[in-house]
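Below, read A as the first sequence line, B as the second, and so on, with proteins coming before strands; counting in each chain starts at 1.
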Protein chains: 2
Amino acid sequence: MRMLTGKWKAEILWRLGHGTMRFGELRRAIPGITQHMLTTQLRDLEAHGLVRRTIYPEVPPRVEYELTPSARDLGPVFNEIRIWSDKHAVALSRPT
Amino acid sequence: MRMLTGKWKAEILWRLGHGTMRFGELRRAIPGITQHMLTTQLRDLEAHGLVRRTIYPEVPPRVEYELTPSARDLGPVFNEIRIWSDKHAVALSRPT
DNA sequence: CAGCATCCTTCGGGATACTG
DNA sequence: CAGTATCCCGAAGGATGCTG
């Protein structure tokens with residue numbers, strides 16, 4: 001649970017679930033998140049082995065983020081959460 | 001997720017999963033929790049419809065807590081979490 | 001027994017400015 | 001572009017004492 005707590009963690013994982021993204025892409029894709037928060041949440045996910053960070057030593061700099069296999073295995077967990085929330089009519093703020 | 005965030009929520013739900021418990025029983029069963037925290041977390045769970053609180057107007061007072069059907073339906077969710085944590089060798093601090 | 005009231009500390013989150 | 005560095009605020013968590 002602690003690995004997933006954090007205001008933006010779920011949405012970040014959701015976004016990365018669709019494929020590799022750059023830092024700026026994520027920032028633009030997630031309305032309301034600040035650079036600071038995106039950085040800290042990503043570092044946290046990385047530290048827990050859910051996200052891989054790849055730095056390309058170019059100018060301008062490019063950094064890509066992608067889910068690890070470990071994070072992809074969380075699919076069934078989120079799936080059960082969705083089943084539960086559907087059954088109990090809980091409104092999830094699902095990213096589109 | 002927000003319904004389950006809280007330092008003691010998961011353990012409280014786990015304990016109540018074994019059956020109805022009184023306030024004092026829970027407090028003794030969960031090492032390290034204070035009365036204040038147990039109260040607030042239980043009230044939070046109750047507000048979210050996961051725990052039912054029954055007051056018996058006796059002397060001395062007796063209050064029992066039990067899971068709601070809604071909370072019991074969370075079983076598959078926790079089950080998937082366990083499957084995931086087993087596979088990835090994450091040490092869950094599982095209450096015995 | 002099962003709490004409520006009060007006070008205090010810590011932490012997550014955020015705004016803003018600056019940089020390799 | 002992709003960050004760091006500061007400063008700040010509110011909420012979560014905790015310690016302690018009192019009570020119907």
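- A:Ile55 and A:Phe23 fall within a single hydrophobic cluster, where Ile, Leu, Val, Met, Phe, Trp and Tyr side chains are chained together by heavy-atom contacts under 4.5 Å.
- When rounded to the nearest whole Å, the span between CG of A:Leu38 and C1' of D:dA2 equals 10 Å.
- Tested against B:Val63 for a side-chain contact (heavy atoms from CB on, under 4.5 Å), the candidates B:Arg53, B:Met21, B:Arg22 yield a single pass: B:Arg53.
- Side-chain nitrogen and oxygen atoms of A:Arg43 include none within less than 4.0 Å of the OP1 or OP2 phosphate oxygen of D:dA2.
- The rotation axes computed at either terminus of the helix from C:dC1-D:dG20 to C:dG20-D:dC1 lie 50° apart, taking five pairs at each end and rounding to 10 degrees.
- B:Asp73 meets the side-chain contact (heavy atoms from CB on, under 4.5 Å) test with A:Trp84, A:Lys87, A:His88; sequence neighbours excluded.
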Where protein sits on nucleotides 6-20 of chain D, one letter per nucleotide: B base, S sugar-phosphate only, - none, heavy atoms under 4.0 Å: B------BBB----B
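- Distance, A:Ile55 CD1 to D:dA2 P: 11 Å, rounded to whole Å.
- Two residues are said to be in side-chain contact when any heavy atoms from C-beta on lie closer than 4.5 Å; A:Leu16 and A:Thr20 fail this criterion.
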What pairs of donor and acceptor atoms, side-chain ones from residues 2-9 of chain A against any protein atom, are under 3.5 angstrom apart with sequence neighbours left out?
from: A:Thr5; atom 1: OG1; to: A:Arg2; atom 2: O; distance (Å): 3.0
from: A:Lys9; atom 1: NZ; to: A:Thr5; atom 2: O; distance (Å): 2.6
from: A:Lys9; atom 1: NZ; to: A:Asp44; atom 2: OD2; distance (Å): 3.0

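- Within the 4.5 Å cutoff, side-chain heavy atoms of A:Pro31 are placed close to those of A:Glu11.
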Criterion salt bridge (charged side-chain N to carboxylate O under 4.0 Å, His left out) on A:Arg82 and A:Glu80, from CA distance to verdict: CA-CA 5 Å; A:Arg82 179 154 305 283; A:Glu80 287 295 341; over 6 Å; no
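- Where DNA chain C meets chain B (any atom under 4.0 Å from a heavy atom), the bounding nucleotides read 5' to 3' are C:dC1 to C:dT6.
- A chain of hydrophobic side-chain contacts below 4.5 Å, direct or via other Ile, Leu, Val, Met, Phe, Trp or Tyr residues, connects A:Leu13 to B:Met1.
- At distances below 3.5 Å, at least one donor-acceptor pair connects side-chain atoms of A:Thr68 with backbone N or O atoms of A:Gly49.
- Applying the side chain to side chain donor-acceptor pair (under 3.5 Å) rule to A:Arg27 yields no partners; only residues at least two apart in sequence or on another chain are considered.
- The backbone N or O of B:Ala29 lies less than 3.5 Å from a partner atom in the side chain of B:Arg15, making a donor-acceptor pair.
- Separating the CE atom of A:Met21 from the C1' atom of D:dA2 is a distance of 15 Å, rounded to the nearest angstrom.
- A:Arg22 comes within 4.0 angstrom of sugar-phosphate atoms only, judged by non-hydrogen atoms across all strands, and of no base.
- The residue A:Tyr56 sits apart from the nucleic acid: no heavy atom pair falls under 4.0 Å.
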